[in-house]
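Only one structure is covered here, and it is reproduced in the block below.
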Protein chains: 2
Amino acid sequence: MGIDRVELIREELKTKKVVYVHHLADKLYVSRSTIRRDLAQLEQEGLVRRFYGGAKLIEHPSNEIPFFMRKERNRAAKEIIAELATDLVTDNQFVALDTTSTVAYLPRYLKDKENLKILTNSAQLALDCLDQLHSARIFCTGGWMSSFSRGFIGETTRLRISEYRTDILFFSARSISLEEGVTDVNEEDAYLKQQMIRGTRKSVFLCDHTKFDEISYRLVCPVQDLDYLVTDQRPSDKWLHHLESAGVEVIFPE
Amino acid sequence: MGIDRVELIREELKTKKVVYVHHLADKLYVSRSTIRRDLAQLEQEGLVRRFYGGAKLIEHPSNEIPFFMRKERNRAAKEIIAELATDLVTDNQFVALDTTSTVAYLPRYLKDKENLKILTNSAQLALDCLDQLHSARIFCTGGWMSSFSRGFIGETTRLRISEYRTDILFFSARSISLEEGVTDVNEEDAYLKQQMIRGTRKSVFLCDHTKFDEISYRLVCPVQDLDYLVTDQRPSDKWLHHLESAGVEVIFPE
DNA sequence: GTGTTCGCGCTCAACTTCGAGCAAATGAGC
DNA sequence: GCTCATTTGCTCGAAGTTGAGCGCGAACAC
């Protein structure tokens, strides 16, 4: 990859803050495909946030970016899932939430529920709930902070989770497969999810369509442990049948 | 979606508080449909409330405001104090931080310290440290969230604090007086501060000039419990003498 | 109440951009 | 020269964005 060109784009970003694919392509005498690839690389580095037609400089780089990017990926799907999922919540319930980016969309849709209690190990989510759910009581586990999930991990966290019995748990993970069930890439997070599942009456797995038929290396739980699976598109008949026979209620639009 | 345009609408909202579809459409040279779509997006984000013909900025949609206002009050003084205070920190130390708005200024000035450990009961501060102090390990107490301090309170919090021995504690409070020492208005916070003081080797009280000679109803600690007091102006001789005879080292500019 | 005006949301068509896949071009090492 | 890996440009189907048109309902004057 032409080091020069990417370097020039960096320079451009320093002064301009916002760059456009078509403009850079004209200026640097390369195709738009090439510019798009360059911008994808800069996004990967956490330097810019891309938008339709160009990219914008991220002013204050921080640990927040990887999480922010996960949150933005498949945004539409996650909104749909959040809206469907919150129908499962009733007033006065004790709700457990994990640190995933999908779950981060829930608070807004929980606004009209009264008198909830929330248990989470995500610092960011705890603050979001505090700001949006005025009638809720929010309990946060504490523990050592993970820059990956921007939440708490470790033995303290696990202990705190084990001390509570929640009515309903909303969680997500990287992947789900017929053979292995729910799997993820992060050892610590998987461990905490297991603890959360043990401590709740109903487990709801939030799962956009891209997560099906993928396998990550760390087992979280078998499909049988789930009570509900909420997704954004009708799963295949094979999956519907598999989930039904495992006793999982599947929720999807229409 | 053209990020630019939405960004411009945000700018407009900062000054105008109310925007109109027809006005924005004319100003930004796009159709009214497009503006309506943008406003719908901003409404989704919870930034505005739409009305027939336009949208209105939601002034302060969250619990964040009281804290935000405390943080902005005497900003200059707090910056000075933060810079002076962080000179007391050396690499590898275990630092305790409370939930006050003055302490919230510290992380930026701790950037050049290596290998710190942080203990705090503030969710916001924990996230700030995570983003700014890449080499630090951050422990957060957890507990029930207080909308007043945007941090954790309660028995769990107190217990977690009591489990750690820190090298240096930075904290603040509403007021300090010759007769009563450090006092505050919040029962729970005062209680946690006491616990933090018990668990640390050095206590540093951050105290802008407005806090002197005020009394709030809840006692936090006598002056003798402090090791350092950092302030933004030279205190009166009476105070300097009082603090010196109580064994408190006073730090102020010049 | 009635009528008028105007904004809203929806849909559709035109247009643009995106990203994956593939083949050509480039260039380093032998 | 040749080989291999990387980079680039092109194509094409999918997805995103925009503005115009239309029916509906809200706001307002009377």
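So you know, we letter chains A, B, ... as the sequences are listed, proteins then strands, and number each from 1.
- One atom, CD1 of I35(B), and another, P of dT18(D), lie 10 Å apart when rounded to the nearest Å.
- In this structure, Y29(B) places its OH atom 17 Å from P of dT18(D), rounding to the nearest Å.
- To the nearest 0.5 Å, atom CD of residue E180(A) and atom CG of residue L178(A) are 10.5 Å apart.
- Going from atom CG of D26(A) over to atom P of dT17(C) covers 11 Å, rounded to whole Å.
- For the pair K71(B) and Y105(B), the distance from NZ or CZ to the six-membered ring centre is under 6.0 Å and the angle to the ring normal is within 45 degrees.
- Remark: C1' of dG19(C) and CG of D38(A) are 15 Å apart, rounded to the nearest angstrom.
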Per-nucleotide protein contact string for nucleotides 4-14 of chain C (B base, S sugar-phosphate only, - none; heavy atom under 4.0 Å): --BBBS-----
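- No more than 12 heavy atoms of other residues, nucleotides or ligands sit less than 6.0 Å from atom CD of Q44(A).
- Residues F205(A) and Y228(A) place their aromatic rings such that the two centres sit no closer than 6.0 Å.
- K16(B) meets the salt bridge (Lys or Arg N to Asp or Glu O under 4.0 Å) test with E12(B); sequence neighbours excluded.
- Panel note: side chain T86(B), backbone E83(B); a donor-acceptor pair is recorded below 3.5 Å.
- In this structure, R201(A) fails the cation-pi test against F94(A), since its NZ or CZ atom is not both closer than 6.0 Å to the six-membered ring centre and inside 45 degrees of the ring normal.
- Residues L42(B) and R50(B) are not in side-chain contact: their nearest non-hydrogen atoms beyond the backbone lie 4.5 Å or more apart.
- Both key distances under 3.5 Å define a Watson-Crick or G-U pair, and stretches of 3 or more such consecutive pairs in DNA chain C run C:1-30 with D:1-30.
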